[in-house]
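Working notes, beginning with the structure itself.
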Amino acid sequence: MFAVPGEEARLDAYGNMRRSDVVRILSQARAFGELGYSANRTGSARSRKKRRRNGYFAALPGNAGGLPPGIYQRDGADARPVMIFVRAPSYRPRFRFHDIVERAVRANIGRRLEEAVRTVNARFAVRR
């Protein structure tokens with residue numbers, strides 16, 4: 001599955017999720033490895049209280065709440081979608097660029113190669 005921004009995701013000018021939000025989600029999920037420093041949220045009482053108030057949670061496929069699979073942010077009794085998990089996209093080629101380029105090259109390669117050789121020969125002929 002692929003993660004796409006949900007309705008409540010804050011996006012930058014390029015349509016990507018903000019780095020700070022992604023880091024906050026990973027921290028709360030304790031998904032950071034420990035390399036001399038842990039960016040994960042701790043298990044302290046204060047941290048747990050913050051998590052309940054405005055934390056994130058994952059809704060897995062087939063969850064009891066009937067939510068689509070994804071990452072949600074708690075907002076009181078509401079759940080706001082931040083990331084939604086969707087099936088992998090399937091794309092069909094609209095334009096066959098490779099075929100178009102290959103036909104153009106085959107049609108013009110002889111003439112263009114002769115022009116290039118004449119240009120190089122003319123340049124070296126002047127130097128003699």
Side-chain angles (χ1 to χ4, degrees):
M1 297 190 91
F2 284 71
V4 296
E7 292 176 16
E8 296 297 319
R10 297 185 308 171
L11 304 177
D12 63 12
Y14 303 101
N16 299 316
M17 288 187 64
R18 291 182 175 181
R19 177 180 165 86
S20 60
D21 292 340
V22 174
V23 168
R24 190 175 297 123
I25 291 168
L26 292 173
S27 171
Q28 187 166 335
R30 296 179 179 222
F32 282 111
E34 294 189 29
L35 301 171
Y37 166 77
S38 176
N40 294 328
R41 182 171 271 183
T42 66
S44 69
R46 187 175 113 207
S47 183
R48 286 193 310 270
K49 187 176 177 183
K50 276 173 106 175
R51 188 178 315 140
R52 277 193 293 271
R53 190 170 4 121
N54 60 358
Y56 296 92
F57 67 95
L60 302 175
N63 62 65
L67 294 171
I71 306 289
Y72 292 82
Q73 183 175 18
R74 288 183 180 92
D75 184 24
D78 295 333
R80 298 179 179 265
V82 179
M83 280 188 213
I84 301 296
F85 301 134
V86 296
R87 288 191 191 117
S90 61
Y91 298 106
R92 294 176 316 182
R94 288 188 179 185
F95 303 106
R96 303 214 178 267
F97 290 110
H98 181 74
D99 297 338
I100 293 168
V101 169
E102 190 172 338
R103 278 196 311 264
V105 168
R106 287 183 191 277
N108 298 309
I109 189 75
R111 183 172 43 94
R112 296 290 186 181
L113 188 58
E114 287 175 13
E115 287 174 14
V117 169
R118 274 197 303 271
T119 303
V120 169
N121 285 339
R123 218 181 274 165
F124 282 111
V126 172
R127 290 184 183 174
R128 290 182 188 169

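We count residues from 1, following the sequence as given.
- In this view, R19 satisfies the salt bridge (Lys or Arg N to Asp or Glu O under 4.0 Å) rule with no residue, not counting sequence neighbours.
- A ring pair (Phe, Tyr, Trp, His ring centres under 6.0 Å) check over residues 95-114, counting only residues at least two apart or in different chains, returns the pairs F95-F97.
- In this view, R80 and D75 satisfy the side-chain hydrogen bond (donor to acceptor under 3.5 Å, both in side chains) rule, not counting sequence neighbours.
- The salt bridge (Lys or Arg N to Asp or Glu O under 4.0 Å) search around R87 returns none, not counting sequence neighbours.
- Among residue pairs with one or both ends in residues 58-77, those qualifying as ring pair (Phe, Tyr, Trp, His ring centres under 6.0 Å) are F57-Y72; sequence neighbours excluded.
- Side-chain contact between I71 and F85 is present, with heavy atoms from C-beta onward closer than 4.5 Å.
- Of all non-hydrogen atoms in P68 and A59, the two that sit nearest each other are O-CB, 3.9 Å.
- The side chain to side chain contact (heavy atoms under 4.5 Å, CB included) check on V105 picks up V101, I109, with sequence neighbours excluded.
- Between V86 and I84, the closest side-chain pair of non-hydrogen atoms falls below 4.5 Å.
- Taking the side chain as every heavy atom from C-beta outward, R118 and N121 never approach each other to under 4.5 Å.
- Note that the CE atom of M83 and the CZ atom of F2 stand 14.0 Å from one another [nearest 0.5 Å].
- R111 meets the salt bridge (Lys or Arg N to Asp or Glu O under 4.0 Å) test with E115; sequence neighbours excluded.
- Partners of P5 under the side chain to side chain contact (heavy atoms under 4.5 Å, CB included) rule, at least two apart in sequence or in another chain, are A9, L11, M17.
- Residues satisfying the side-chain hydrogen bond (donor to acceptor under 3.5 Å, both in side chains) criterion with N16, sequence neighbours excluded, are absent altogether.
- Follow the hydrophobic side-chain contacts under 4.5 Å out from L67 and you never reach V82; the two are in separate clusters.
- Applying the side chain to side chain contact (heavy atoms under 4.5 Å, CB included) criterion to Y91, with sequence neighbours excluded, gives P89.
- The side-chain hydrogen bond (donor to acceptor under 3.5 Å, both in side chains) search around R96 returns none, not counting sequence neighbours.
- Residues meeting the side chain to side chain contact (heavy atoms under 4.5 Å, CB included) test with S20, sequence neighbours left out: R10, R18.
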